[in-house]
2 protein chains.
Amino acid sequence: MGNIREIAKLAGVSVATVSRVLNHYPYVKEEKRKAVWEAIEKLNYTRNINAVHLSRGKTSIIGIIIPYVNHPYFSTITEGIAAEALRNGYHLLLFQTNYDIKKEIDALEMLKMKQVDGIIICSRTVDWERIEAYSQYGPIVLCEDVKGRNLSSVSIDHYYAFLMGMNYLIKKGHRKIGYCIGRITGTNSKARQAAYQEALKQINERPRPEWIFDQCLYIEDGERVVASLLRMKERPTALLVSSDQVAAGIITFGKNKGLKIPENLAVLSFDNHPISEALNITTIELPLSVMGKKAFHMI
Amino acid sequence: MGNIREIAKLAGVSVATVSRVLNHYPYVKEEKRKAVWEAIEKLNYTRNINAVHLSRGKTSIIGIIIPYVNHPYFSTITEGIAAEALRNGYHLLLFQTNYDIKKEIDALEMLKMKQVDGIIICSRTVDWERIEAYSQYGPIVLCEDVKGRNLSSVSIDHYYAFLMGMNYLIKKGHRKIGYCIGRITGTNSKARQAAYQEALKQINERPRPEWIFDQCLYIEDGERVVASLLRMKERPTALLVSSDQVAAGIITFGKNKGLKIPENLAVLSFDNHPISEALNITTIELPLSVMGKKAFHMI
DNA sequence: ATAATGTATGAAACGCATTTCAATGCAATA
DNA sequence: TATTGCATTGAAATGCGTTTCATACATTAT
C-alpha cells in the first residue's frame, strides 16, 4: 500500500506533484501524471483518508441525529438526506439517540472534534442554548421550528398542518376531537397543541386532556389508544393522529374491537405514508424526504 | 481551541503526558493530571479526532451498506447495529446504495482508505470476489448466507424459513402456491426459490413462474400484485410473502378489490413486524434486530 | 548494600496528505 | 532584446495526537 512519499519516489516526482495528481489539479505535465498513476497502480495505493481529513481540516461527513432509525417518519427524512448527501460527495454519520440527551451531546461533541462538518438534528432533547453554543464549531440544521433563534432550520409548519386537520374535522361536523402525538415535549408537538387549542376555541369547545394521547409512534401504539378509548365514558368522535403508522394501528385494532370507523371514530393522520393509502386512511402529506434534502443543502 | 502542545505548555508538562491524561493512562502524578485538565478547561480544548484517527490507524467507525434506509427490513437491522455500536463506543457510517454497484464499491473503498474499521453489508450486488478482495483491508460481515466462502456472515436461514412457510400452507390444504420477494437476484431470494421448488416437488406440483412476484418491497407493491392476480385465469390459492409490508398491501388492496382473504387467497409473510399483528397477518418472525447486533459483534 | 521493580515523565519519531512559497523554464509581448 | 507572465515542480511547513525509548527516581526484594 505505502504512502504518498513512496509513490513520489517510484514515480520520480515530489509529493506535492503526487498530491496534485490525486486531486486533479492542473499544471502537471502529462508524462508525470501518467508516471504517478502507474506508481499508484503498481503499489495498489489508496490515500489514507484520515490524513486527508486532518490535513484539510474537514471530513465531508455530516452527522444526523435521530431518535430512532426504524420509524418511518425519521427514516424518510434520513432517506432524503442520504440520497442528497451521496449526490454531493458527502457521507452520513448516524447518531441514534433514543432521545437520550447524553447521546445528543456526544453527537454535538463530534462537531467540535471535527469528526463531522455539520449536523442535522431531526429531533432534539437538549436545550437551545447548548445547540447555539455548539454552532460555533460548524453548521447545525434543525428539523423543527426554531422560533426566531439564531439557528438554521427546515421545518414543516405543524401548526398549520394541524389546524388544517382540525378544520377539516370540524367541517365534517365533529366537535369532540382528540389527538395522538409522538412525544409531548417536542417543539413540533407544542405547535400541534397550540393548533388544537386554537381550533377548539373557535368552536367554543374546551380542550380535553384525556383525549390527548402521548407516546404514539408505532403501529402497535394504536392498540393502546383504542383500549383507552374503549374505557372512556365520553369518547371523542374524531382523532387527529400525527403518524400514519399509529392511525393504521388505531383503525385496524379499532375494527377488531368492534369500533366503527369512521362512524364511531373518524381518523385523520399525517405523513401520507403508503400505508395510509393501503388502509384508506385520510391523511395530510408531509414532505419529509424533501425536508431531508433541504436540510442537507442548508449545510 | 488550540492543540495538545499548547495544553502541554500551559500545564507545564510534555505532550506525552497530556496524551496520557487524555487517554486515562496510569502513571501520571495527580497534580499534573489536574494541571492538564485545568489547561484543557481554560483553552476549551477538544482533541482533533482526525489526528487521533490518523495516529491510531483506526476510527472506531463501522460502515453499513444498505439499499434503502426507509424500508422496515433494513431499518430494523440498522437499528440493531446502531444500538449495539453505540454501546461499544462505535459510530456508524451509513452507505445507502439503492443496489447501485458503484456505490457499494465506493463504500468498500472506504475500508481501504481507513475511513471505517469494518463494514457490514446488509444486501449486496457486487460479486463475491470483490468482497473477498477488500476483506484484506478490514473485517467485512455479510447479512446473508456466504455459502462456505471465506467471509464472515450472520444470516437468517431463509431457506428453512420459507420451507416452513410452504409446509404450513401445504398442511392447510394449499397446492397452488405463489410467492413475493424483494429482489429476485439476491442470495436470500435464491434460497427462498430453492425452498419453494423443494416444497412443491414434495407434493408433486410444478413451480409456476407467473405466480412469482419480484420487486415487492413496500406496502404499495401489494397493489400491483393484487392487480396481477385479478388478471389471471388461474390463480394461486396461497401466497408466501417475504415482507410484512407487502403482505399488508396485498391484504388491504385485495379486500378493496373484493378478494376474500383468506378464503380466496391465503397470505403468509415474514418479519413479524408490528403491522402484521395489526392486520392479523400470519407471519413468521425473523430476528432482524438481533442479526444486526450479532453482525456488529462479529466485527 | 545491591540488584531488581515499579512509577513518572519528556524528547523525538511516526502516521500521511495538503498547501504555501520560491524557483525554474519557456513562450509571448513590448 | 528585454520583460512580463504562465506553466511546472519541489522543499518545507502544517495539521495534531500517539507511542516508543530513554531517563530518573523511589521502592522492594535478595
Side-chain angles (χ1 to χ4, degrees), chain A residues 1-37 39-40 43-61 89 109-117 137-138, chain B residues 1-37 39-40 43-61 89 109-117 137-138:
Chain A
M1 289 263 315
N3 59 27
I4 203 176
R5 275 155 243 276
E6 290 180 34
I7 301 296
K9 197 181 294 171
L10 185 60
V13 300
S14 72
V15 294
T17 300
V18 177
S19 179
R20 287 190 191 100
V21 172
L22 250 16
N23 294 293
H24 307 285
Y25 283 137
Y27 304 150
V28 178
K29 273 254 179 65
E30 199 46 42
E31 57 189 274
K32 300 219 174 192
R33 190 186 299 279
K34 234 183 95 202
V36 169
W37 280 119
I40 287 171
L43 297 187
N44 182 29
Y45 167 80
T46 305
R47 268 188 290 195
N48 181 323
I49 210 156
N50 295 129
V52 176
H53 290 339
L54 171 62
S55 190
R56 285 215 237 265
K58 54 166 280 187
T59 58
S60 294
I61 298 177
E109 199 63 24
M110 288 300 129
L111 189 61
K112 191 177 176 193
M113 294 176 124
K114 296 170 188 287
Q115 164 90 262
V116 295
D117 294 347
Y137 303 115
Chain B
M1 290 259 316
N3 58 30
I4 202 175
R5 278 158 238 273
E6 291 181 36
I7 300 296
K9 197 181 293 172
L10 186 60
V13 300
S14 72
V15 294
T17 300
V18 177
S19 178
R20 286 190 191 101
V21 172
L22 250 15
N23 294 293
H24 308 287
Y25 282 137
Y27 304 150
V28 178
K29 271 252 180 67
E30 199 45 43
E31 58 187 275
K32 301 218 173 191
R33 188 185 300 279
K34 233 183 95 203
V36 169
W37 280 119
I40 287 172
L43 298 187
N44 183 26
Y45 166 81
T46 305
R47 269 187 289 195
N48 181 323
I49 210 156
N50 295 130
V52 177
H53 290 340
L54 171 62
S55 191
R56 287 216 236 264
K58 53 166 280 184
T59 59
S60 294
I61 297 176
E109 199 63 24
M110 289 300 129
L111 190 61
K112 192 178 176 194
M113 294 176 124
K114 297 171 189 287
Q115 164 90 263
V116 295
D117 293 347
Y137 303 115

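Owing to the predicted nature of the structure, the values given are computational and were not obtained by experimental measurement. By convention in this document, chain letters (A, B, ...) are assigned in the order of the sequence lines, proteins followed by strands, and residues within each chain are numbered from 1.
- Taking the C1' atoms of five terminal pairs at each end of the helix from C/dA1-D/dT30 to C/dA30-D/dT1, the two resulting helix axes are inclined by 30°, rounded to 10°.
- Rounded to an integer number of Å, the gap from NZ of B/Lys58 to C1' of D/dT18 is 13 Å.
- Rounded to an integer number of Å, the gap from A/Asn48 CG to D/dC16 P is 17 Å.
- Checking the phosphate oxygens (OP1, OP2) of C/dT7, a side-chain nitrogen or oxygen of B/Tyr27 falls inside 4.0 Å.
- The pair A/Lys34-A/Glu31 does not meet the salt-bridge criterion, since no charged nitrogen lies less than 4.0 angstrom from a carboxylate oxygen.
- Along DNA chain C, the nucleotide nearest to B/Val28 and the one nearest to A/Leu54 differ in position, and the one closer to the 5' end is contacted by B/Val28.
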Exercise. Step by step, work out the salt bridge (charged side-chain N to carboxylate O under 4.0 Å, His left out) result for B/Lys9 and B/Glu6.
Key: CA-CA 5 Å; B/Lys9 197 181 293 172; B/Glu6 291 181 36; over 6 Å; no
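- The heavy-atom pair separating B/Gln115 from A/Ile61 by the smallest distance is OE1-CD1, 3.4 Å.
- Distance, A/Asn50 CG to C/dT18 C1': 15 Å, rounded to whole Å.
- Counting non-hydrogen atoms under 4.0 angstrom, B/Val18 reaches nothing in the nucleic acid.
- How far CG of A/Leu10 is from CD1 of A/Ile7: 6.5 Å, rounded to the nearest 0.5 Å.
- Using modelled atom types, one side-chain atom of B/Asp117 and one backbone atom of B/Ser60 make a donor-acceptor pair closer than 3.5 Å.
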Find every protein N or O atom lying less than 3.5 Å from an N or O atom of nucleotides 19-21 of chain C, and list the pairs.
from, atom 1, to, atom 2, distance (Å)
C/dT19, OP2, A/Tyr25, OH, 3.1

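- Here the straight-line distance linking atom CG of A/Leu111 with atom OG1 of B/Thr46 works out to 10.5 Å at 0.5 Å rounding.
- Heavy-atom minimum distance, A/Lys112 versus B/Tyr45: NZ-O, 4.3 Å.
- We find that CZ of B/Arg33 is positioned 17 Å from C1' of C/dG10, with the value rounded to whole Å.
- Nucleotide C/dC16 holds its P atom 16 Å from the CD atom of B/Gln115, rounded to whole Å.
- Summarising the geometry, atom CE belonging to A/Met110 is positioned 13.5 Å from atom OH belonging to A/Tyr137; distances are rounded to the nearest 0.5 Å.
- Atom P of nucleotide C/dG10 and atom NZ of B/Lys9 are separated by 15 Å, given to the nearest angstrom.
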Could you give the side-chain donor-acceptor pairs of residues 11-23 of chain A under 3.5 Å, partners two or more places apart or in another chain?
from, atom 1, to, atom 2, distance (Å)
A/Ser14, OG, A/Ala16, N, 3.4
A/Ser14, OG, A/Thr17, N, 3.3
A/Ser14, OG, A/Thr17, OG1, 3.3
A/Ser19, OG, A/Asn23, ND2, 3.3
A/Asn23, OD1, A/Arg47, NH1, 2.8
A/Asn23, ND2, A/Ser19, O, 2.8

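- Separating the CG atom of A/Asn3 from the P atom of C/dT18 is a distance of 12 Å, rounded to the nearest angstrom.
- In this structure, B/Lys32 places its NZ atom 13 Å from P of D/dC25, rounding to the nearest Å.
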